[in-house]
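Computation of the quantities below employed the complete heavy-atom set of this structure, encompassing side-chain atoms and omitting hydrogens, waters and symmetry-equivalent molecules.
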Amino acid sequence: MPTNIIVTGGCGFIGSNFVHHVVNEHPDVHVTVLDKLTYAGNPDNIAGLPADRVELVVGDICDAELLDRIVPGHDAIVHYAAESHNDNSINDPSPFLKTNVEGTYQLLEACRRHDVRLHHISTDEVYGDLALDDPARFTEETPYHPSSPYSSTKASSDMLVRAWARTFGVRATISNCSNNYGPYQHIEKFIPRQITNIICGIRPKLYGDGKNVRDWIHTEDHSRAVWDILTKGRVGETYLIGADGELDNITVLRAILERMGQPADAFDWVRDRPGHDRRYAIDSTKLRTELGWQPIHTDFAEGLDQTIAWYRDNEDWWRPAKEATEAKYAAKGQ
Ligand code: NAD
Ligand code: TDX
């Protein structure tokens with residue numbers, strides 16, 4: 001059982017939720033968060049956690065010398081750090097190449113030099129997309145077919161992890177998860193963008209025809225799955241994480257509008273995302289049968305209510321980023 005772990009990207013959305021999960025559920029574990037604090041990283045996400053359990057190191061995963069200073073003495077690295085937003089990757093792919101590909105390479109080299117276990121966090125987007133009427137879902141055997149600069153850099157990072165595991169014996173696992181929702185998600189992303197738009201009196205914005213399907217999972221269920229893979233998963237293996245939460249975007253938006261007391265048509269249709277993936281869907285049978293994981297947050301409406309309440313209660317957290325985020329979208333007709 002690991003007792004001293006590094007969490008890269010632990011000040012971002014999913015990474016910080018994982019740090020909270022470990023602190024709450026695994027009292028013997030110390031966490032070193034390594035985070036560059038980009039626009040998406042906020043130290044407030046882990047503020048208030050006990051100082052003897054969580055240490056923040058502000059730094060870049062591309063910095064090999066820094067990695068040589070902090071990695072020795074740790075049992076494992078859980079690697080969340082990434083540039084994570086598809087729309088940003090279309091505006092400027094370069095930081096995605098740097099952090100997602102080179103950053104993962106530097107972490108792999110550090111794991112190799114110091115013989116440290118790695119769990120690499122990836123996405124279902126590496127598999128490309130499915131047609132709306134396709135009965136298939138993604139499995140661990142689905143061929144890679146990424147569509148966007150973001151997903152192609154995540155696919156590249158997965159390939160590096162597999163190669164370093166096979167060639168150099170790095171003790172690595174990979175998980176590919178579906179769309180997360182919950183507290184601390186940056187307001188550039190679909191669900192928090194629409195919730196905070198409504199709070200600000202701005203009409204929500206829906207891309208294309210609104211029929212694109214995402215497979216939603218509460219971030220807490222993702223954290224539990226990652227812990228199970230880190231502690232019980234077979235080294236060298238990939239596990240898909242999903243909670244059977246397929247919904248199209250217009251259904252999610254209508255649920256948000258209804259729960260926030262808005263008319264069903266109180267939103268704007270906006271320009272579609274170039275290369276917009278149609279549908280993602282995860283078959284998580286391997287994770288469930290091999291490791292016994294199951295999602296707990298299976299009621300999406302309840303999870304959405306909690307998420308809406310969190311954004312209402314934490315306006316200080318998101319308000320400073322709102323104007324600039326919307327200005328960036330407006331410049332693109334979105
Ligand atoms: P996020 O953008 O909210 O957070 C990313 C974090 O990484 C931030 O704290 C940022 O400061 C940090 N970071 C960025 N570049 C860095 C660098 N060079 N060095 C150190 N830290 C750096 O992202 P998220 O949505 O929480 O996603 C986390 C991970 O989960 C990513 O690897 C992403 O690909 C993956 N993922 C996300 C989803 C989703 O629905 N959001 C789904 C599946 C997988
Ligand atoms: O304003 C919007 N209107 C809209 O219709 C935004 C921001 C998005 N959308 C659509 C695009 C997608 O079909 O909503 C869907 C979800 O969009 P995002 O929140 O940007 O997520 P997505 O592109 O699906 O990628 C997310 O899930 C997989 C994460 O951002 C990735 O990091 C993860 O790998």
Does [atom1] in [X] sit with more than 12 non-hydrogen atoms of other residues, nucleotides or ligands closer than 6.0 Å?
X: Glu315; atom1: CD; answer: yes
X: His276; atom1: NE2; answer: yes
X: Arg319; atom1: CZ; answer: yes

Ignoring hydrogens, what is the shortest heavy-atom contact between [X] and [Y]? Give both atom names and the distance.
X: Asp68; Y: His114; answer: OD1-NE2, 2.7 Å
X: His186; Y: Ala321; answer: NE2-CB, 4.5 Å
X: Cys111; Y: Leu118; answer: SG-CB, 3.9 Å
X: His222; Y: Ile241; answer: CD2-CD1, 3.7 Å
X: Ala64; Y: Arg113; answer: O-NH2, 4.0 Å

Kindly compute the distance separating [atom1] ([X]) from [atom2] ([Y]), expressed to the nearest 0.5 Å.
X: Glu25; Y: Arg224; atom1: CD; atom2: CZ; result: 9.0 Å
X: Thr104; Y: Ile121; atom1: OG1; atom2: CD1; result: 11.0 Å
X: Arg288; Y: Asp228; atom1: CZ; atom2: CG; result: 12.5 Å
X: Asn17; Y: Ile14; atom1: CG; atom2: CD1; result: 8.0 Å
X: Asn4; Y: Asp75; atom1: CG; atom2: CG; result: 6.0 Å
X: Ile174; Y: Ile229; atom1: CD1; atom2: CD1; result: 10.5 Å

Among Arg279, Arg137, Arg278, Lys211, whose salt bridge (charged side-chain N to carboxylate O under 4.0 Å, His left out) with Glu246 holds?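 Testing each of Arg279, Arg137, Arg278, Lys211 against Glu246, the sole residue satisfying salt bridge (charged side-chain N to carboxylate O under 4.0 Å, His left out) is Arg279.
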
Validation row: [X], [Y] side chains within 4.5 angstrom (heavy atoms):
X: Ile296; Y: Glu220; answer: no
X: Lys154; Y: Phe96; answer: no
X: Tyr311; Y: Pro192; answer: yes
X: Val126; Y: Ser151; answer: no
X: Asn180; Y: His218; answer: no
X: Glu83; Y: Asn100; answer: yes

Residues [X], [Y]: salt bridge by 4.0 Å N-O rule:
X: Asp268; Y: Arg203; answer: yes
X: Glu290; Y: Arg234; answer: yes
X: Arg214; Y: Asp277; answer: no

Among Thr251, Val252, Ile217, side chain to side chain contact (heavy atoms under 4.5 Å, CB included) partner for Phe300: Val252

Arg273 to Tyr207, cation-pi by 6.0 Å centre distance and 45° axis angle: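 Here Arg273 fails the 6.0 Å and 45° test against Tyr207.
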
Indicate whether any N or O donor in one side chain lies under 3.5 Å from an N or O acceptor in the other, for Ser122 and Asp158.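 Yes, a side-chain donor-acceptor pair sits under 3.5 Å.
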
Would you check if there is a donor-acceptor pair between the side chains of His119 and Ser175 at a distance under 3.5 Å? yes

For residues 323-334, which residue pairs pass the salt bridge (Lys or Arg N to Asp or Glu O under 4.0 Å) check, not counting sequence neighbours? Arg193-Glu326, Lys322-Glu326

Kindly state each residue pair satisfying ring pair (Phe, Tyr, Trp, His ring centres under 6.0 Å) with at least one member in residues 236-265, sequence neighbours excluded. none

Tyr184 ring center near His20 ring center (under 6.0 Å):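 Ring centres of His20 and Tyr184 closer than 6.0 Å.
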
So if you build clusters from Ile, Leu, Val, Met, Phe, Trp, Tyr with side-chain heavy-atom gaps below 4.5 Å, do Tyr80 and Ile6 land together? no

Go through His26 and Trp227 one step at a time and tell me if the ring-ring contact (aromatic ring centres under 6.0 Å, His included) criterion holds. CA-CA 10 Å; His26 305 287; Trp227 183 260; 3.9 Å; yes

Side chain to side chain contact (heavy atoms under 4.5 Å, CB included) with Lys36: which residues, sequence neighbours excluded?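 Testing Lys36 for side chain to side chain contact (heavy atoms under 4.5 Å, CB included), a comparison that skips the adjacent residues, returns Thr38, Asp60.
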
